[in-house]
K.L.:
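Below you will find the structure I want to go over with you.
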Number of protein chains: 2
Amino acid sequence: MEALWELGAASVREIQERLPAKGRPAHTTVQTILTRLEAKQAVRRAKKISNAYIYEPVVTRGATQRLLVDELLAFFGGRAAPLVSHLIESGQLTLQDVEEARKALKGDGKHG
Amino acid sequence: MEALWELGAASVREIQERLPAKGRPAHTTVQTILTRLEAKQAVRRAKKISNAYIYEPVVTRGATQRLLVDELLAFFGGRAAPLVSHLIESGQLTLQDVEEARKALKGDGKHG
DNA sequence: CATTGTCTCCTACATCTGTAGAATCGTCAA
DNA sequence: TTGACGATTCTACAGATGTAGGAGACAATG
């Protein structure tokens, strides 16, 4: 649903056609979703070309990811440790990632 | 909604009464949720005491968390690094957590 | 101006989820 | 058996989300 972040600003048609042909929704479906996202202030109409609106993301992908992470964190009782544990278990988190995280933590210093 | 994991097996009444008084849902609301969770095979009826069913979780909290994490990970393109970055930025991930993660990774060895 | 093609707007339907009242059923006590 | 109390089942409604058809608006073309 939010694959439009990859496109930046785009018209309904552009978005719809960029979607994987496999099970691609109808043009009006994309239109509806955009309208609802607009109502939610997640996107906005940047301008109009001919009779078509160009939609532009208001919330960035990063911001959305942050939101999601916070929600997940809440589900974990606000503690990141169990989350990290899972990441390790599933082999998604490499030693290198952890090393970088360590450096970031030490270098930052102003946490907590 | 899934605060029943804290209780283990319990009846509708027990669950409902354990919920925070603040905005506690009606008995039938809890009942409905349980019924739907049962249809989804997330819980099951363990047994019956008098005329009340005792519900029991089928999926553990951990399994649910794993699911959630995997979903989030998918949204991050399968890479854990950005996720960890956010954790650090929001101050949720302590140096101690990272150290433990490091040990787990080294001690494990069979990842990747 | 009429035609055609595209886009938007309005409306609609299905499912999921949260919420809960009404009716019914079952159990326990007298 | 009858009454009371609590649990289950049935039904319903609202909001969010995914899906999409039909009607009308608007631009390009002849």
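All values derive from a computational prediction rather than experimental measurement. Within every chain, numbering begins at 1; the chains are lettered A, B, ... in the order of the sequence lines, protein sequences first and strands thereafter.
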K.L.:
Which other residues belong to the hydrophobic cluster containing B/Ile49, where Ile, Leu, Val, Met, Phe, Trp and Tyr are joined when side-chain heavy atoms lie under 4.5 Å apart, directly or via other members?
P.N.:
B/Ile54

K.L.:
Among residues at least two apart in sequence or on other chains, which ones pass side-chain hydrogen bond (donor to acceptor under 3.5 Å, both in side chains) with B/Arg66?
P.N.:
A/Glu89

K.L.:
With B/Glu14, which residues qualify under side-chain hydrogen bond (donor to acceptor under 3.5 Å, both in side chains), at least two apart?
P.N.:
B/Ser11

K.L.:
Anything under 4.0 Å to a heavy atom of chain B counts; send over the first and last such nucleotide of DNA chain C, read 5' to 3'.
P.N.:
C/dT17 to C/dT27

K.L.:
When the nearest nucleotide of DNA chain D is assigned to B/His27 and to A/Ala26 on a heavy-atom basis, which residue is associated with the more 5' position?
P.N.:
B/His27

K.L.:
Would you name the heavy atoms of B/Pro57 and B/Gly8 that are closest together and state the gap between them?
P.N.:
CD-O, 3.7 Å

K.L.:
Please report, to 0.1 Å, the donor-acceptor pairs under 3.5 Å made by any side chain of residues 22-35 of chain A, with sequence neighbours excluded.
P.N.:
from    : atom 1 : to      : atom 2 : distance (Å)
A/Arg24 : NE     : A/Gln16 : O      : 3.4
A/Arg24 : NE     : A/Leu19 : O      : 3.3
A/Arg24 : NH2    : A/Leu19 : O      : 3.2
A/His27 : ND1    : A/Arg13 : NH2    : 3.0
A/Gln31 : NE2    : A/Tyr55 : OH     : 3.4
A/Thr32 : OG1    : A/Thr28 : O      : 2.8
A/Thr35 : OG1    : A/Gln31 : O      : 2.9

K.L.:
For B/Leu67, which fellow cluster members are found when Ile, Leu, Val, Met, Phe, Trp and Tyr are connected by side-chain heavy-atom distances below 4.5 angstrom, either directly or through intermediates?
P.N.:
none

K.L.:
On DNA chain C, check which nucleotide each of A/Tyr53 and B/Ser50 is closest to and give me the residue with the more 5' one.
P.N.:
A/Tyr53

K.L.:
Mind running a 4.0 Å heavy-atom check of residues 32-45 of chain A against DNA chain D and sending the residues that fall below it, in number order?
P.N.:
A/Thr32, A/Arg36, A/Lys40

K.L.:
Taking the nucleotide of DNA chain D with the nearest heavy atom to each, does A/Pro25 or B/Ile54 sit closer to the 5' end?
P.N.:
B/Ile54

K.L.:
Walk along DNA chain D from 5' to 3' and tell me the first and last nucleotide with an atom closer than 4.0 Å to a non-hydrogen atom of chain B.
P.N.:
D/dG6 to D/dA12

K.L.:
Mind jotting down which residue pairs meet the salt bridge (Lys or Arg N to Asp or Glu O under 4.0 Å) criterion with at least one end in residues 43-53 of chain B? Sequence neighbours excluded, please.
P.N.:
B/Glu38-B/Arg45, B/Arg44-B/Glu56

K.L.:
Can you name the residues that form a side chain to side chain contact (heavy atoms under 4.5 Å, CB included) with B/Arg18, not counting sequence neighbours?
P.N.:
B/Leu7

K.L.:
Of all residues at least two apart in sequence or in a different chain, which pass the side-chain hydrogen bond (donor to acceptor under 3.5 Å, both in side chains) check with A/Asn51?
P.N.:
none

K.L.:
Would you please name every residue forming a side chain to side chain contact (heavy atoms under 4.5 Å, CB included) with B/Ser50, sequence neighbours left out?
P.N.:
none

